[in-house]
Amino acid sequence: MKITFPHMGNVHFAAKALFEDLEIDYVVPPFSSKASLEIGSFHSAEEMCLPFKIMIGNYMHAIEEGADTVIITGSCGPCRFGEYCELQMNLLNKLGHKLDFIVVDSPGDIGVKELFARLGKISSSSSISKLNKIRALHQATKVVRLIDGVEAKARYLAGFEKNKGECKKLLNECKQEAQNCKKSQSMLALMNGYMDKLDNVALDNDKNPIKIAIIGEIYTVIEPFSNLYIEDKLMDYGVSTKRTLSPSWWLKNLVLSPTNLNQLDLKRKAKEYLPLMIGGHARECIGEAVLAHDEGFDGAIQIFPMGCMPEIVSKAILPKISKDKDFPILTLVVDEMTGEAGYVTRIEAFVDLLERRKDNVLSRC
Amino acid sequence: MYYLGVDVGSVSTDLVILDQDKQVKEKLYLRTKGKPIAAIQEGFRVLMNKYEKAEIAAVGTTGSGRQIASTLVGADAVKNEITAHAVAALDADDEVRTIIEIGGQDSKIIVIKNGIVTDFAMNTVCAAGTGSFLDRQAERLEIPIEEFGDYALQAKTTVRIAGRCAVFAESDMIHKQQMGYNEGEIIRGLCEALVRNYLNNVGKGKEIQSKVFFQGGVAANKGMKAAFEEALGITVAIPEHYNMMGAIGAALIAKDKVEKTGSTNFKGFDLAESVFSANSFECQGCSNNCEVVKIQENEIVIGCFGDRCGKWSNKLAV
Amino acid sequence: MKVGIPKGLLYYDYQPFFHTFFEELGAELIVSSDTNKDILDKGVKYCVDEACLPVKVFHGHVAEIKDQCDLIVIPRIMQLRKREFICPKFCGLPEMVINSIPDMPRATMAPLYALSKERLFQWAKVVGKEVTHNTAKLSKAFEAAVECQSNYKKGIDDDSYPIKVALSGHPYNIYDNFINMNIVNKLKKLGVGVVTEEVIDEDIKNREVSKLYKKPFWSFARNNYSFTSHMADQKLVNGIIYISSFACGIDSVVIELIKHNIEDFPLLVLKVDEHTGEAGLDTRIEAFVDMLERRRS
């Protein structure tokens, strides 16, 4: 068995750590790129959403490198993501690839027994002791929490750094080097090292940078290729960004959701505008927008793939929040047709808008 | 002293020279034809006979080709076209509250309060309703684009045309022609459809308040102006240099910048005679495999862009 | 009190319930007109651009009647069956409408779970209070509404034509004759009878969806998948026509599942949005019917 998985932001670090600790053969697909999107768009139905298409590209690339098993998480609605597995299985089958899918669905829908049976497929191909398997899982969650932490810190400090580009450089180096680590332990050590380096970045505390919250559909906010590397661009402009949704956030949310104690803060913030869970992360998106305003951010950027059902609802609500709170929000819709020029123009103009609101000057120097 | 503004768009490349009093001394409208470097050189060849390098106090670039233009000319300011348009409009009339801008392949709305841009939007999916589309329809109807607007104004009645997608709008127009409507009615219907489409898409949810500026190449079309006025119920003003606003804005922003920094990066008009080449290659430095564009002037590399890490460009794009 | 009922989305399925409930409560009903050009234009004007046609049309219905009523019924239909959903846009429908249309009267915001009579009554209690505080009257109105709804028979099963097609899709696309440009009549004129999803039993549906790797979690998916699968499998019709709103997220999945399942069985997918031209639609239907006739002979 040679396992692979679709890219979703920093997930690949955790997966690498996990499979190496478990001593299971695996393939990290090449990073999502134009090539993955092209392959995916070619094979998928036109109206399918962007994440689906990029994922197909990831699988095809992984197959070239010998992958024979795909692991993905499921969900049971009401957003399309939950149906991905079946469509992707059919599609790859039709293309003549015999791929085994391991779909980690909620036990409420498939039963606890089935869930364990599915997970057992992975577990049984690892020869290490049961205790060590549990440990490996624990380590992997640590990895994803840590790398998400490094990333969040770098993105936020980018607005305050004295030497322009330092945070971005550290973040890129950290990610680059982590790909060459073996097993979780060395990865954690490396990331901790970078965390310290970020703590020692020279900051200009007189700076009052533009602060933007990145909100919207989870895949398109965490998978950098899908949003045309918006956070990197904002770092270049000297903007501090914050993004609540991340793989580690998702994990925590998943673990806590049966208790209904998940995301109390966001739920409370969203209440006035969208009191119910309607699928995807629309309620979180609304909550984050309100929260960002309360925390003194200058604006928010909402990103979602064309046709995303839950985010269409939030898009209808955001202008009201923007008006009520005098808080600028820019919506960017991405799909395979998104042209980089127009996209960048919008981001730059939005940053300009925020700056001018802030200090009422003509141009930034 | 003069200020130079360069707006490299998908359809046209505009160059403008402002004098000390921010008045337009010179304006050049050139077709980009997919070759922004050649278009800028062509413009410089005209300018180099009239102006000295030393006379240019500042230069700014804007438009979708602003980066490449900046590398070429040595810009003091590189600004996106939304900000550039707003700056130019505010300079022409500080009471402007709404800017409707329709260019070759883009359409935008910019909302201004107290002299600051507070909201904006751009067309997302389709180029129906922009200049290129109107050009194409004029060509198909065999009517010079300059007279397009007059035809619309002469029509007594109108016909409803589906206008969201360029392809469907065209087939709908053909269908209406087959039904026997005359050209004037169809053109008027088309203008109305494009305006409706603009207001429903780009202008959705935006407060359109007077004074409204209509700028960009399409503002030359009287039919479009009339259709906007009818749909909005307010008068729409067209600034004198409606098709040069991006370049004017870029020049103004550059002027401002140089007043703070004290000197210009302008490389001079000589580039008109240089040999430029633009090559792209896939960087193998990491798994991102960025496509990097390399610009060479007389075989010397003057700039790179397209890389995410900054290894090639090392110059920030702000 | 004047209660507005927009004639959009699942109105086509649940009109007896809503009409009876509010009439029995003593409200004066203001029902919007059948969908027309003006309603569509209003919907397109107010609704977020990315939304699908039926949701835009719903906005148009609300806009048409909003100034005449004190309360607008915007059914926030969350679930009709256990572990199944409708569509995220239904769940957020009241928010979409009140944040997009200016000067709205009060709107019903309560979530509607039709999982059982008890759960449905919870909706009725909250919404009913807007009209009356008389609980006895409210219970009576609710009972009458449920009764009326359960006697409501809908669905088409036309056997008197030589050729028959299964007409699949969301109910508002099938029953809103403005959206679908009167497709049932068009088909009749071409000598084609129509059968719809309501005619098959629940156990057939259960059997059909159990063939899938994953049980569909949308009620629309369950209905349309099982219906088309059964019809094609048993050869009860000559072909399938699926009417789908452009950019419908659910249909982008369901249609793929159906295509995969029925393989070569004739299927025509008609996409509708505010720009659909009738001429193009006619051409497609005629060509499809021609094809069915040729296959038969």
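Residues forming a salt bridge (Lys or Arg N to Asp or Glu O under 4.0 Å) with A:Glu311 (at least two apart in sequence, or on another chain): none. Looking at residues two or more places apart in sequence or on another chain, you find a side-chain hydrogen bond (donor to acceptor under 3.5 Å, both in side chains) between B:Asp76 and B:Thr264.
Enclosure of atom NZ in B:Lys206 by more than 12 non-hydrogen atoms of other residues, nucleotides or ligands within 6.0 angstrom is indicated. Heavy-atom contacts from other residues, nucleotides or ligands closer than 6.0 Å to NZ of A:Lys207 number more than 12. Within a 6.0 Å sphere centred on NZ of A:Lys323, heavy atoms belonging to other residues, nucleotides or ligands number 12 at most. Shown here is B:Gln209, whose CD atom has more than 12 heavy atoms of other residues, nucleotides or ligands within 6.0 Å.
If you measure heavy-atom distances from A:Tyr343 to chain B, you find no contacts under 4.5 Å at all. Interface remark: A:Ile329 contributes no atoms to any contact with chain B (heavy atom separation under 4.5 Å). No part of B:Thr62 comes within reach of chain A, as not one of its non-hydrogen atoms sits under 4.5 angstrom from that chain.
Distance CD1/B:Ile82 to CD/A:Glu348: 9.5 Å, rounded to 0.5 Å. With values rounded to the nearest 0.5 angstrom, A:Thr345 atom OG1 is found 7.5 Å from B:Lys108 atom NZ. The CG atom of A:Leu353 sits 7.0 Å away from the CG atom of B:Asp119 when rounded to the nearest 0.5 Å.
In terms of heavy-atom proximity, B:Thr83 sits nearest to A:Ala349 at OG1-CA, 4.2 Å. What you find for B:Ile116 and A:Arg357 is that their closest heavy atoms are CG2-N, 4.0 Å.
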- [ ] Kindly indicate, with the supporting measurements, whether the criterion side-chain contact (heavy atoms from CB on, under 4.5 Å) is fulfilled by B:Val117 and A:Asp352.
- [x] CA-CA 8 Å; B:Val117 174; A:Asp352 275 357; over 6 Å; no

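Looking at B:Arg66 and A:Val344, their side chains come closer than 4.5 Å, going by heavy atoms from C-beta outward.
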